[in-house]
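We count ligands from 1, going down the list as the structure has it; atoms in each ligand are counted the same way.
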Amino acid sequence: MSDVSTDNRGKATMEKITSLAKRRGFVFQSSEIYGGQSGAWDYGPLGIELKNRIARNWWREMTQLHDDIVGLDAAILMHPRVWEASGHVENFTDPLVDCKKCKARFRADQIPQENLSSKKCPDCGGELTDTRKFNLMFKTHIGPVEKNDDSNAVYLRPETAQGIYVNYKNIIQSSRMKIPFGIAQIGKAFRNEIVTKNFIFRTCEFEQMEMQYFVKPGTDVEWFNKWKERRWAYYEKLGVKMDSLRWHQHGSDELAHYAKDAYDIEYLFPMGWKELEGVHNRSNYDLSRHAQFSGKDLQYIDQENNNERYIPFIIETSAGLTRTLLMLICDAYDEEKVADKGSGGTEASGDDWRTVLRFHPAIAPVTVAVLPLMKKDGLAEMALDIRQELKEDYTTDYDQAGAIGRRYRRQDEAGTPFCVTVDYESKENGTVTLRFRDSMEQVRVHKNELASRLREEIKAYKRTK
Ligand code: ATP
C-alpha cells in the first residue's frame, strides 16, 4: 500500500522520511546524477544545518558543561599498528555468505538460522557458500606507489575512539587533566558495510560523537552507571519521546572481547528497535594493548596518591552523529489534522493535514522565519529589516512567496519553531505576530522585543506533542 494512502496518515515511515529529506534538502543520495553511490549520502542546506547543530549541542553538553572533559580532533589516517593493537585487523569482521546461484551476499548473523544450517539462499533458494570473515576496514596506501606487500597500507579509521586513546598521554601532559577525566571527539568513520539499507541508518561513511572517560580501576562500575544516567538525560533534554528509547544490555554472545559490561541505547525507528548509542565499560584493554604494541608506558601516575600507578579503565559513550540525525527526524516527524485550526484563519492552506517536524529549537535548522503578509506597501522591507536584526543571534529564513498558510506549512515541514509575520498593523505600531510551530498559536510582540522573547521561548521549550 502506498504511503500517501489514508491508512498511513499520521504515521512516520522510512519512505516518507526519505522523501521529505530529499524534497526539503536535508539529505541527498551521493553522486545521484551518476546513479548514486551506495553507502554514502550528502547533506543539503537544511541537513548540514541540523547536523552542525546536533554536533554543537553534543559538544556543548560534553565539554562546556563538564569541566572534566576536553576535546580532540585526531586524524582519520593513523599508524597501521593502531588497528593491530585495537584488535580491528583481527576481529573487526562480519560473517558473510554468498548465494552461488543469484550471487546475493548476506551477513550470516542477519539471515534466519534455518537458511544458514541448510545453506539455502533466503532470496532464491539457491546454495549458500560457507561463512567467511570479511574485514570492514577500508584499506588504502600512503605515498605514490602501491606496494604488493602492504607495507605502506593504511586504513580509514572505522571508529574515532582510537584517536583518543593514542593521545591520552599528550592530553594529560598538555592539559593537566587528572583522573577521572574524559576526551570528546566528533569525526568521520568508515566501514565497508555489506548491507547499507534504511537510508542513512547504516552507511559506509558516517560520523561519530564519542567520549572516552578515563577512571581508576575499581571506580569503573560507578562511573559506568553515572554515564548511563547522563546519556539518558541528554535525550530527555533534547525532547526525544522517551517511550521510544530503551536500554539493551549486551549478552555474553554480543559482548566485545574487551568489554566488561555494555549497554546500547536503542530507538524505535520506523523499521524497529535499533542501536543509537553504545555506553560501554571497556576495562583497561585499550590502553594496555597500546602500551604493549607501542612499547610506551601508558600508566597513569597519581601524584596526589603517593604516585600510585595504574592503567585506567575506560567508560565509552559512542553515538552516531548521522544516525542521531536520522533518529531526530523520525522522532520529530508528525502529521496533524488542522482543519479550522489556527488564529485568524491564517492557517488555511488548501490542505487540512500538515506535516511538521517538531525539532527542539536548540537543534532546528532554521530557528525563525520572517514572512511579510504582502510584498507591497513596505511590508517586505520591514520584514527584511527584522530578519537582518535577528540574524545576529539566530538562523533565519525569509519567504514572501504564496499564501501565508502555505508558507507556514513550508516552515512546519522544515521544523522551524517560530515564524514572525509582518502585517499592516506592524506598520502602525511596530508589533508583529509570533507564531509557534507546535501549537500554531500566535501572539503579538513588539519587533524590538523579538530577539529576547525568542531566547526565553527556546530556553523554556517543552515538547507537548
Ligand atoms: P552495529 O552493531 O549497528 O553495526 P556497532 O555496535 O558496530 O553497530 P559501534 O561500533 O558501537 O556500533 O559504533 C557506535 C555508534 O556509531 C553506533 O551506535 C552508531 O550510532 C554509529 N554507527 C556505527 N556504525 C555505523 C554505520 N555503519 N553507519 C552509521 N552509524 C554507525
For a quick test of reading the model, state the closest non-hydrogen atom pair linking Arg407 to Asp399 and the distance between them.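 Nearest heavy atoms, Arg407 then Asp399: NH1-O, 3.0 Å.
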
Identify the two heavy atoms, one from Ile314 and one from Leu287, that lie closest to each other, and give their separation to 0.1 Å.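 Here Ile314 and Leu287 meet closest at CD1-CG, 4.1 Å.
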
Report the part of Thr324 (side chain from C-beta onward, or backbone N, CA, C, O) that has a heavy atom under 4.0 Å from ligand 1; answer both or neither where that applies.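 Within the 4.0 Å criterion, Thr324 makes no contact with ligand 1.
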
For ligand 1, is any non-hydrogen atom under 4.0 Å from Lys274's backbone (N, CA, C, O), its side chain (CB onward), both, or neither?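 Within the 4.0 Å criterion, Lys274 makes no contact with ligand 1.
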
Should Tyr155 and Leu77 count as side-chain neighbours, where that means a heavy-atom distance under 4.5 Å?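 Tyr155 does not reach Leu77 side chain to side chain.
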
Do Glu457 and Phe418 have side chains that get closer than 4.5 Å, going by heavy atoms?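 Yes, their side chains come closer than 4.5 Å.
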
Considering only protein heavy atoms, which is closest to [atom], and at what distance to one decimal place?
atom                    : result
atom 28 (N) of ligand 1 : Thr203 N, 3.0 Å
atom 1 (P) of ligand 1  : Arg202 NH1, 3.5 Å
atom 21 (C) of ligand 1 : Gly320 CA, 3.7 Å
atom 10 (O) of ligand 1 : Arg191 NH2, 2.9 Å
atom 16 (O) of ligand 1 : Gln208 NE2, 3.2 Å
atom 22 (N) of ligand 1 : Phe206 CE1, 3.5 Å
atom 6 (O) of ligand 1  : Glu275 OE1, 3.2 Å
atom 14 (C) of ligand 1 : Ser318 OG, 3.0 Å

Run the numbers for me: atoms of ligand 1, each under 4.0 Å from some heavy atom of Phe201, listed by number.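 Answer for ligand 1: 28 (N), 29 (C), 30 (N).
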
Atoms of ligand 1 less than 4.0 Å from Glu277 heavy atoms?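 Those of ligand 1 that fall under 4.0 Å from Glu277 are 18 (O).
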
Regarding His66 and Glu61, do their side chains bring together a donor and an acceptor under 3.5 Å, going by distance alone?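 No, no side-chain donor-acceptor pair sits under 3.5 Å.
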
Under 3.5 Å, is there a donor-acceptor pair between the Gln162 and His88 side chains?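 No donor-acceptor contact under 3.5 Å links the two side chains.
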
Does any N or O atom in [X] lie less than 3.5 angstrom from one in ligand 1, N or O only?
X      : result
Thr322 : no
Ile200 : no
Arg107 : no

Using the ring of Tyr258 (Phe, Tyr or Trp, six-membered ring only), decide whether Arg282 places NZ or CZ under 6.0 Å from its centre and within 45 degrees of its axis.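 Pair Arg282/Tyr258 counts as cation-pi.
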
Would you please classify the geometry between the Phe269 ring and the Tyr267 ring as parallel, tilted or perpendicular, with 30° and 60° separating the classes?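 Perpendicular: the ring planes of Tyr267 and Phe269 meet at over 60°.
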
Tabulate below the donor-acceptor pairs under 3.5 Å that side-chain atoms of residues 183-192 make, not counting sequence neighbours, or state none.
from	atom 1	to	atom 2	distance (Å)
Gln185	OE1	Ala74	N	2.5
Gln185	NE2	Thr160	O	3.0
Lys188	NZ	Glu205	OE2	2.7
Arg191	NE	Pro158	O	2.9
Arg191	NH2	Pro158	O	3.1

Examine Phe199 together with Phe201 and report whether their ring centres are nearer than 6.0 Å.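 Distance test on ring centres: not under 6.0 Å, no.
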
